[in-house]
Amino acid sequence: MSTTAIEIEKLEQIKTNLKCSNHSENLIFKSPIPKICLKEPCKIGVDEAGRGPVLGPMVYGVSYCPVSMEEDLKKLECADSKTLTEKKREEIFETLIKANEFIGWMVEVISPNIICNRMLQRQKYSLNQVSQDSAVGLIQAALDAGVNVTEVYVDTVGMPEKYQEKLSKIFPQLNITVAKKADSLFAIVSAASICAKVSRDIAVQNWVFSEKIDLPEDISWGSGYPGDPETIKFLKNNIDPVFGFPQLVRFSWSTAQKLLDQHAVAVDWSDEEEEDSVVKNNTAITTFFRPSTKTARSKHSFFVDRGLKNMQEF
């Protein structure tokens, strides 16, 4: 899984870098590390945005600050991002960026392609596992960068008790709290929630289609949730009968699969005849060591971006 990390000092940089992305890899945006966070004991909060939509990435965010500066954090008006207007969230995120003398943050923008490829691979990999991997990765990245983390607060994925037990085994040196609605209970998780939500909004609003599809300037895909009529309209109008949906769409979601069943070309994935893959008894063993005479062909980006590989060469 490819991931690129970019240090951010202005909110506009996130937008700029997202426009340059091919959206087939994950992106990590992070603030410079406050010097005080390298010395004083710190708490770190973890939350996500965009778990349920059929469009766009899921974004995990962490924020961290010294335990001794909890009151300073509360003065920044951090709250559960779902209770704030879009304008207010952006204002608070800007404030968090400017308060870099004592607050740091990171977000991972998880590509829709990567989400779907993981969920549909032969060995099933659930959305919960993708989520928990991102949370663990961001906490570990903060530790590796030298942040003196002592306390961790996480908005739960699944059962809080089991998730807390899992994290405690991975990070036995840390005091970990996993709770439902942690973004409304702990200011440090609220800050992470705002970082994640604003970053996801920017990603969806500034999406650049690598498929070169011709869309009107005033095109809307709504909130991205399956129940949004604007989202469903966008999906129905942008199905390629052979290649399916553009990368913005989470094609493993049942909403997308039903539309593909209705409007795309059916494909027969029948197995090859067994005799085609059986080595004849009189084949000399030395034939397996001869250099290949096949001409290498570059794969179309459609197959590369989706991690598709040939199961058999002809």
Side-chain angles (χ1 to χ4, degrees), residues 11 14-15 17-29 47-61 80-90 93 107-120 126-128 130-131 134-135 155 157 183 192-240 243-264 305-306:
L11 192 57
I14 296 179
K15 188 182 298 185
N17 282 282
L18 283 167
K19 286 183 176 180
C20 298
S21 170
N22 65 10
H23 301 301
S24 62
E25 65 175 10
N26 291 354
L27 292 174
I28 289 181
F29 297 111
D47 199 10
E48 54 79 24
R51 180 178 172 81
V54 66
L55 299 182
M58 178 170 66
V59 179
Y60 254 80
D80 176 3
S81 65
K82 294 184 288 296
T83 66
L84 303 171
T85 64
E86 181 177 351
K87 181 180 179 181
K88 187 62 175 178
R89 286 194 297 264
E90 289 190 2
F93 194 14
V107 296
E108 182 174 24
V109 182
I110 307 173
S111 160
N113 262 2
I114 290 177
I115 293 172
C116 297
N117 288 339
R118 297 301 294 273
M119 293 178 68
L120 293 178
S126 71
L127 186 61
N128 278 2
V130 174
S131 300
S134 181
D155 196 31
V157 172
D183 48 359
S193 172
I194 290 168
C195 294
K197 177 60 176 171
V198 174
S199 298
R200 174 179 151 78
D201 287 347
I202 291 173
V204 174
Q205 292 165 7
N206 294 276
W207 195 270
V208 177
F209 290 88
S210 61
E211 297 84 3
K212 310 293 189 224
I213 57 178
D214 188 20
L215 295 173
E217 291 186 5
D218 61 347
I219 185 69
S220 170
W221 42 78
S223 65
Y225 282 88
D228 188 330
E230 284 292 310
T231 298
I232 298 301
K233 180 181 177 182
F234 172 82
L235 291 172
K236 288 181 176 179
N237 292 340
N238 290 280
I239 298 178
D240 185 286
F243 293 110
F245 294 108
Q247 291 185 58
L248 175 66
V249 180
R250 300 184 192 176
F251 53 85
S252 62
W253 260 233
S254 60
T255 304
Q257 291 179 341
K258 288 176 182 177
L259 289 173
L260 288 173
D261 290 340
Q262 295 168 5
H263 303 287
D305 292 345
R306 289 159 179 78

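Atom NZ of Lys258 and atom CD of Gln262 lie 9.0 Å apart (nearest 0.5 Å). Interatomic distance, Cys195 SG to Arg200 CZ, rounded to the nearest 0.5 Å: 16.0 Å. Of the inter-residue distances, the one linking Leu127 atom CG with Trp253 atom CH2 reads 5.0 Å to the nearest 0.5 angstrom. The OG1 atom of Thr255 sits 9.5 Å away from atom CG of Leu55, with the distance rounded to the nearest 0.5 Å. To the nearest 0.5 Å, the span separating CD1 on Ile114 from CE on Met58 amounts to 11.0 Å. Taking NE2 of His263 as the start and CG of Asn237 as the end, the distance is 9.5 Å to the nearest 0.5 Å.
The side chain to side chain donor-acceptor pair (under 3.5 Å) check on Thr83 picks up nothing, with sequence neighbours excluded. Applying the side chain to side chain donor-acceptor pair (under 3.5 Å) rule to Gln257 yields no partners; only residues at least two apart in sequence or on another chain are considered. Asp183 pairs by the salt bridge (charged side-chain N to carboxylate O under 4.0 Å, His left out) definition with Lys82, not counting sequence neighbours. Under the rule for a side chain to side chain donor-acceptor pair (under 3.5 Å), Asn238 has no partner lying at least two apart in sequence or in another chain. The side chain to side chain donor-acceptor pair (under 3.5 Å) search around Ser134 returns Glu108, not counting sequence neighbours.
The shortest heavy-atom contact between Ser199 and Val107 is OG-CG2, 3.6 Å. Between Ser193 and Asp47, the closest heavy-atom pair is CB-OD2, 3.1 Å. Closest non-hydrogen pair, Val249 versus Ala256, comes out as CG1-CB, 4.1 Å. The heavy-atom pair separating Asp228 from Ser223 by the smallest distance is OD2-N, 2.8 Å. Of all the heavy atoms in Val109 and Ala203, the pair that sits closest is CG1-CB, 4.5 Å.
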Working note: Phe251 + Leu259, criterion side-chain contact (heavy atoms from CB on, under 4.5 Å); need CA distance, chi angles, decisive distance, verdict. CA-CA 10 Å; Phe251 53 85; Leu259 289 173; over 6 Å; no
Stepwise, does the side-chain contact (heavy atoms from CB on, under 4.5 Å) test hold for Lys15 with Leu11? CA-CA 7 Å; Lys15 188 182 298 185; Leu11 192 57; over 6 Å; no
Worked verdict on Phe93 versus Ile14 for side-chain contact (heavy atoms from CB on, under 4.5 Å): CA-CA 12 Å; Phe93 194 14; Ile14 296 179; 4.1 Å; yes
Yes or no on side-chain contact (heavy atoms from CB on, under 4.5 Å) for Asp201 and Arg89, after CA distance, side-chain angles and deciding distance? CA-CA 10 Å; Asp201 287 347; Arg89 286 194 297 264; 3.4 Å; yes
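Using a 4.5 Å heavy-atom threshold, the side chains of Pro112 and Pro57 count as touching. Using a 4.5 Å cut-off on side-chain heavy atoms (C-beta onward), Asn128 and Arg51 make contact. Under the 4.5 Å side-chain criterion, counting only non-hydrogen atoms from C-beta, Ser252 is not in contact with Asn117. Residues Ile239 and Phe245 meet the side-chain proximity criterion, which asks for heavy atoms closer than 4.5 Å. Within the 4.5 Å cutoff, the side chain of Ile115 has heavy atoms near those of the Ile110 side chain.
Checked by atom type and distance alone, the side chain of Arg250 pairs as donor or acceptor with a backbone atom of Gly56 at under 3.5 Å.
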Please list, one pair per line, the donor and acceptor atoms closer than 3.5 Å that link side chains of residues 229-236 to other protein atoms, with sequence neighbours excluded.
unit_1 : atom_1 : unit_2 : atom_2 : d
Thr231 : OG1    : Trp221 : O      : 2.7
Thr231 : OG1    : Gly224 : N      : 3.0

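Using modelled atom types and a 3.5 Å distance limit, the side chains of Glu48 and Ser131 yield no donor-acceptor pair.
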